[in-house]
Colleague: 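Mind having a look at this structure? Questions to follow.
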Protein chains: 2
Amino acid sequence: MAQNELAHALEILKSHKVRLTPQRKTILNYLITHHTHPSAEMIYEDLKQHDDSISIATVYNTVRLLVDYHLVIELKNGDGSTHFDYFGQPHYHIVCENCGKIADVFAPEFSRLNQQLDEITRQQTHYLVNRTDIEVKGLCPECQAKLGLLHNR
Amino acid sequence: MAQNELAHALEILKSHKVRLTPQRKTILNYLITHHTHPSAEMIYEDLKQHDDSISIATVYNTVRLLVDYHLVIELKNGDGSTHFDYFGQPHYHIVCENCGKIADVFAPEFSRLNQQLDEITRQQTHYLVNRTDIEVKGLCPECQAKLGLLHNR
DNA sequence: TTGAGTGCAAACTCTTTGCAGGCCC
DNA sequence: GGGCCTGCAAAGAGTTTGCACTCAA
């Protein structure tokens with residue numbers, strides 16, 4: 001499954017004549033197999049553990065490349081850094097405003113909803129729409145408990 | 001209109017026992033009357049022109065305060081800095097991926113759509129939902145023309 | 001072979017912080 | 001009058017850049 005995903009993503013890059021270096025494959029594979037919304041720093045630290053030696057500059061270069069090809073999306077969770085998420089299946093994100101934890105939300109209505117937004121946006125602004133990112137903000141279950149808010153559910 | 005808006009916003013702050021300093025009023029008023037999605041730096045530069053002397057630190061402090069009280073929302077347009085927008089009427093944003101220009105989109109369906117998202121998100125993640133931000137990315141009319149893409153409309 | 005990619009470290013930009021003095025409530 | 005807010009400058013964090021070397025195609 002993840003292997004197919006990786007092959008598929010590599011195919012897309014190859015079709016755009018992007019050079020497939022070991023570093024790029026490693027980072028792409030990391031993002032496909034880790035749905036933890038890591039920052040560049042986290043990717044770097046994790047990959048350093050294994051014998052994959054990769055510099056932080058290459059991590060930044062590569063994630064930007066992957067974002068440009070719409071394979072990965074950027075997320076901000078309020079901690080100052082940018083987090084990344086492989087975007088294989090359409091989904092959106094909810095960010096905990098207290099601890100910054102990010103969760104994925106897969107909604108069947110998502111694509112229909114996106115189409116609606118595209119339509120409205122294009123009519124109203126004449127912008128050419130490429131993609132829509134939805135970000136919900138709230139409190140994760142842990143932080144609700146921590147803050148004594150569970151009775152509010 | 002803008003005066004009512006300002007009075008309304010100040011009322012909200014006052015009800016939370018927030019100290020209403022001249023700087024805070026000035027910045028809030030600036031954001032209510034300028035729907036240009038400025039960065040902290042832009043607000044600072046603009047206010048420096050007039051005799052309002054305000055430090056950049058105060059601009060950062062104040063916009064964060066306003067974001068905390070949900071009077072203002074933060075936007076990223078890819079230029080590295082954070083932009084701010086007074087959030088009087090519910091709306092969302094489209095960002096030009098080429099030049100970074102941000103436009104507002106007011107959709108009547110927006111609040112219904114938000115409710116749907118809240119529902120789905122809460123059921124799926126058990127997060128307590130506070131707010132939903134939608135950000136559409138695309139190309140503004142000017143950049144479409146500049147890039148010779150108008151025939152794609 | 002060759003030019004794009006990598007690694008390193010320094011530089012840069014945006015934002016935050018510490019502290020002394022000022023002023024809103 | 002008390003304590004939060006402001007202004008200044010310096011520090012901090014995250015990200016980008018310049019350059020020499022490497023390697024995928």
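The analysis underlying the following values was restricted to heavy atoms, covering all of them including side chains, and did not include hydrogens, waters or symmetry mates. Proteins get letters first, then strands, A, B, ... in listed order; numbering begins at 1 in each.
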Colleague: Round to the nearest Å and state the distance from A:I54 atom CD1 to C:dG5 atom C1'.
Modeller: 12 Å
Colleague: Is the backbone of B:Q89 close enough, under 3.5 Å, to the side chain of B:H91 for a donor and an acceptor to pair up by distance?
Modeller: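 It does hold such a pair.
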Colleague: What's the NZ-P distance between A:K25 and C:dG5, to the nearest Å?
Modeller: 14 Å
Colleague: Between A:Y60 (OH) and C:dA9 (C1'), how many Å, whole number?
Modeller: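 Roughly 15 Å, once rounded to whole Å.
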Colleague: Take the protein atom NZ of B:K17 and the nucleotide atom P of C:dC25, then report the distance between them rounded to whole Å.
Modeller: 12 Å
Colleague: In whole angstrom, what separates B:Y44's OH from C:dC14's P?
Modeller: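 Taking atom P of C:dC14 as the reference, OH of B:Y44 is at 14 Å.
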Colleague: Determine: side-chain N/O of A:T21 to OP1/OP2 of C:dG5, distance under 4.0 Å, yes or no.
Modeller: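 Checking A:T21 against C:dG5: no side-chain N or O falls below 4.0 Å of OP1 or OP2.
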Colleague: Between atom NZ in A:K76 and atom C1' in C:dC14, what is the gap in whole Å?
Modeller: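 Taking atom C1' of C:dC14 as the reference, NZ of A:K76 is at 11 Å.
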Colleague: Using a 4.0 Å heavy-atom cut-off across all strands, classify A:I56 as base, sugar-phosphate, or nothing.
Modeller: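 No contact at all - A:I56 keeps every heavy atom at 4.0 Å or more from the nucleic acid.
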Colleague: Under 4.0 Å between any heavy atoms, over every strand shown, what does B:T82 touch: base, sugar-phosphate, or nothing? Just pick one.
Modeller: sugar-phosphate
Colleague: Here's a test of your reading of the structure: between B:E41 and B:Q23, which maps to the more 5' nucleotide of DNA chain C?
Modeller: B:E41
Colleague: Do you see a donor-acceptor pair shorter than 3.5 Å between the side chains of A:Q144 and B:Y127?
Modeller: no
Colleague: Grab the CZ-C1' distance between A:R19 and C:dT1 for me, whole Å please.
Modeller: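 Answer to the nearest Å: 11 Å.
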Colleague: On DNA chain C, does the nearest nucleotide to B:A57 precede the nearest nucleotide to A:T62 from the 5' side, or the other way round? Give the residue.
Modeller: A:T62
Colleague: For a 4.0 angstrom threshold against heavy atoms of chain A, report the outermost contacting nucleotides of DNA chain D in 5' to 3' order.
Modeller: D:dG14 to D:dA25
Colleague: Using the rule given for side-chain hydrogen bond (donor to acceptor under 3.5 Å, both in side chains), can you reason through B:T82 versus B:K76, listing the C-alpha separation, both sets of side-chain angles and the distance that settles it, and then say yes or no?
Modeller: CA-CA 5 Å; B:T82 305; B:K76 312 272 178 180; 3.0 Å; yes
Colleague: Check step by step if side-chain hydrogen bond (donor to acceptor under 3.5 Å, both in side chains) holds for B:D46 and B:H50.
Modeller: CA-CA 7 Å; B:D46 249 27; B:H50 309 70; over 6 Å; no
Colleague: Nearest whole angstrom, please: distance from the P of C:dT13 to the CG of B:N77.
Modeller: 17 Å
Colleague: Which class fits the ring pair B:H93 and B:H37: parallel under 30°, tilted 30 to 60°, perpendicular over 60°?
Modeller: perpendicular
Colleague: Determine, step by step, whether B:T121 and A:Y92 satisfy the side-chain hydrogen bond (donor to acceptor under 3.5 Å, both in side chains) criterion, reporting the C-alpha distance in whole Å, the side-chain angles of both residues, the deciding distance to 0.1 Å, and the verdict.
Modeller: CA-CA 9 Å; B:T121 307; A:Y92 62 92; 2.9 Å; yes
Colleague: I want to know whether A:H70 and A:F87 have ring centres closer than 6.0 Å.
Modeller: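 Between A:H70 and A:F87, the centre distance exceeds or equals 6.0 Å.
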Colleague: From the list C:dT17, C:dT6, C:dC25, which nucleotide is the closest neighbour of the side chain of B:N61?
Modeller: C:dT17
